[in-house]
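These notes are about the structure you will find just below.
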Protein chains: 2
Amino acid sequence: MFDMSTDPPRKTMSQLRRGTVGYCVMALLGRRERYAVELVRELAAHQALAAGQGTIYPLLSRLRSDGMVATEWKESPSGPPRRYYSLTDKGRASLERFRGEWKQFSDAVDTFMED
Amino acid sequence: MFDMSTDPPRKTMSQLRRGTVGYCVMALLGRRERYAVELVRELAAHQALAAGQGTIYPLLSRLRSDGMVATEWKESPSGPPRRYYSLTDKGRASLERFRGEWKQFSDAVDTFMED
DNA sequence: ACATAGTACCTTGCACAGCAAGGTACCTTG
DNA sequence: CAAGGTACCTTGCTGTGCAAGGTACTATGT
């Protein structure tokens with residue numbers, strides 16, 4: 001059972017993340033390469049975009065098969081090996097395009113939300 | 001077939017709409033009551049939030065069973081009767097809450113996209 | 001040498017909103 | 001009384017996010 005009074009905020013935020021998490025990950029990878037657990041930690045820092053491993057691994061897998069990111073295995077200074085992800089040129093182009101779509105979209109929603 | 005070069009934008013935008021269309025509809029209903037086809041037309045005006053009847057009718061049905069909106073049948077000056085939707089107090093509270101979540105979320109995405 | 005803990009990888013099954021396409025009924029007009 | 005417009009609604013599919021569960025490698029303590 002949940003908070004029945006209004007609307008569970010968890011679910012709402014989860015829906016909002018749809019379609020954006022991938023591009024936020026790509027934005028991070030555009031600066032420097034990272035591995036999956038690192039990405040999870042950095043997303044968790046911005047509360048609204050917190051996404052667990054169950055979201056990140058399938059997401060990275062999709063980005064990879066779409067050619068948006070490239071991967072490379074590297075040994076860790078302490079622990080099991082890590083798979084590092086970096087943004088490809090195709091990924092960079094896709095991200096650039098998203099920036100425009102995001103602005104258009106968020107401006108539209110802002111318009112509706114302003115009373 | 002589609003544009004294979006990068007990413008079909010249609011699909012991206014469709015994902016972005018998730019979770020927001022409902023609240024945009026509620027925002028409209030917060031000002032004055034409207035019927036479904038009217039809502040479809042007003043959303044279509046803001047291109048980024050265009051949603052067809054296949055989206056709107058199930059959405060309104062959900063909002064209704066969640067107690068966010070109330071409905072009332074009214075005769076049309078010309079044509080079949082219309083079902084008018086209006087925002088309930090519960091809907092108003094939920095919308096108010098969403099405004100905060102939306103700001104938090106869009107600020108977070110903006111942070112990632114700036115660079 | 002071996003158990004324990006920590007880190008990192010990944011998969012499975014489900015939930016649910018948006019959507020295209022298809023279908024019914026009412027009213028007006030010629 | 002047929003044709004066209006308006007308004008209602010449903011069905012089946014898709015894709016993404018998520019919790020939960022599972023494997024493997026390394027370091028540490030005894």
Side-chain angles (χ1 to χ4, degrees), chain A residues 2 7-26 34-44 48-66 68 71-85 98 105 109, chain B residues 2 7-26 34-44 48-66 68 71-85 98 105 109:
Chain A
F2 260 116
D7 212 13
R10 280 271 155 71
K11 212 160 63 171
T12 304
M13 292 304 268
S14 162
Q15 292 297 330
L16 285 183
R17 283 185 205 110
R18 286 219 168 209
T20 59
V21 186
Y23 289 100
C24 289
V25 163
M26 285 168 68
R34 285 161 221 258
Y35 62 102
V37 170
E38 201 179 358
L39 287 167
V40 170
R41 277 196 291 257
E42 302 199 46
L43 287 174
L49 281 165
Q53 297 191 350
T55 297
I56 291 301
Y57 280 104
L59 166 62
L60 289 171
S61 187
R62 260 178 274 139
L63 291 177
R64 205 160 80 92
S65 71
D66 289 347
M68 301 297 183
T71 72
E72 190 187 1
W73 285 96
K74 289 191 181 176
E75 304 214 341
S76 164
S78 74
R82 300 165 174 171
R83 194 205 276 265
Y84 277 84
Y85 296 82
F98 176 78
F105 171 74
V109 177
Chain B
F2 258 117
D7 212 12
R10 280 271 156 71
K11 213 160 62 172
T12 303
M13 292 302 269
S14 162
Q15 291 297 331
L16 285 183
R17 285 191 256 280
R18 282 221 167 205
T20 59
V21 186
Y23 289 101
C24 289
V25 163
M26 285 167 70
R34 284 162 222 256
Y35 62 101
V37 170
E38 202 178 358
L39 287 166
V40 170
R41 277 196 290 257
E42 301 200 46
L43 288 174
L49 281 165
Q53 298 192 350
T55 298
I56 292 300
Y57 281 104
L59 166 62
L60 289 170
S61 187
R62 259 178 276 138
L63 292 177
R64 206 160 81 92
S65 71
D66 289 348
M68 302 299 183
T71 71
E72 189 187 0
W73 284 97
K74 290 191 181 178
E75 304 214 342
S76 164
S78 74
R82 300 165 174 171
R83 194 203 275 264
Y84 277 84
Y85 296 81
F98 176 78
F105 172 75
V109 177

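Note on naming: letters A, B, ... go to the chains in the order of the sequence lines (proteins, then strands), and numbering restarts at 1 for each one. Everything quoted here is computed from the prediction, not taken from an experiment.
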Counting just side-chain N and O atoms, does [X] come under 4.0 Å of either OP1 or OP2 of [N]?
| X | N | answer |
| --- | --- | --- |
| B/R41 | D/dA7 | yes |
| A/R62 | D/dG17 | yes |
| B/R82 | C/dC26 | no |
| B/Y35 | D/dA7 | yes |
| B/R17 | C/dC19 | yes |

Rounding to a whole Å, what distance do you find between [X]:[atom1] and [N]:[atom2]?
| X | N | atom1 | atom2 | result |
| --- | --- | --- | --- | --- |
| A/R34 | C/dA8 | CZ | P | 15 Å |
| A/L59 | C/dC10 | CG | P | 13 Å |
| A/Q15 | D/dG15 | CD | P | 16 Å |
| B/Y57 | C/dA20 | OH | P | 16 Å |
| B/R10 | C/dC19 | CZ | P | 10 Å |
| A/M13 | D/dC18 | CE | P | 10 Å |
| A/F105 | C/dG18 | CZ | C1' | 12 Å |
| B/K11 | C/dC19 | NZ | P | 13 Å |

Closest approach of [X] to [Y] (non-hydrogen atoms, all atoms of both residues):
| X | Y | result |
| --- | --- | --- |
| B/A51 | B/I56 | O-CG1, 4.0 Å |
| B/F105 | A/L16 | CZ-O, 3.1 Å |
| B/M13 | B/A48 | CE-CB, 3.5 Å |

Quiz item: Which nucleotide, D/dC9, D/dC18, D/dC8, lies nearest any side-chain atom of B/V37?
Solution: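 Nearest to the side chain of B/V37 among the choices is D/dC8.
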Nearest-neighbour nucleotide for the A/P58 side chain, D/dC9, C/dC10, C/dT11 considered: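 That would be C/dT11.
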Sub-4.5 Å side-chain heavy-atom contact between [X] and [Y]:
| X | Y | answer |
| --- | --- | --- |
| A/K74 | A/Y35 | no |
| B/V25 | B/Y85 | no |
| B/L60 | B/R64 | no |
| A/L43 | A/T55 | no |

Readout for nucleotides 20-30 of chain D: B = base within 4.0 Å of protein heavy atom, S = sugar-phosphate only, - = neither; 5' to 3' it is B----BSS---
Taking pairing as Watson-Crick or G-U wobble with both contacts under 3.5 Å, can you name the mate of C/dG30, or confirm there isn't one?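 Check on C/dG30: paired to D/dC1, both distances under 3.5 Å.
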* Asked: Considering Watson-Crick and G-U wobble pairs with both distances under 3.5 Å, what does D/dG29 pair with?
  ->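 Partner of D/dG29: C/dC2.
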| query | Which part of the nucleic acid, if any, lies within contact of B/T55, taking any heavy atom under 4.0 Å across all strands shown: a base, the sugar-phosphate backbone alone, or nothing? | reply |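 Base: the residue B/T55, judged by heavy atoms under 4.0 Å, touches a nucleobase.
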Check A/E42 with A/R34, please: is the shortest side-chain N to carboxylate O separation under 4.0 Å?
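Looking at A/E42 together with A/R34, the answer is yes, because their closest N to O distance falls below 4.0 Å.
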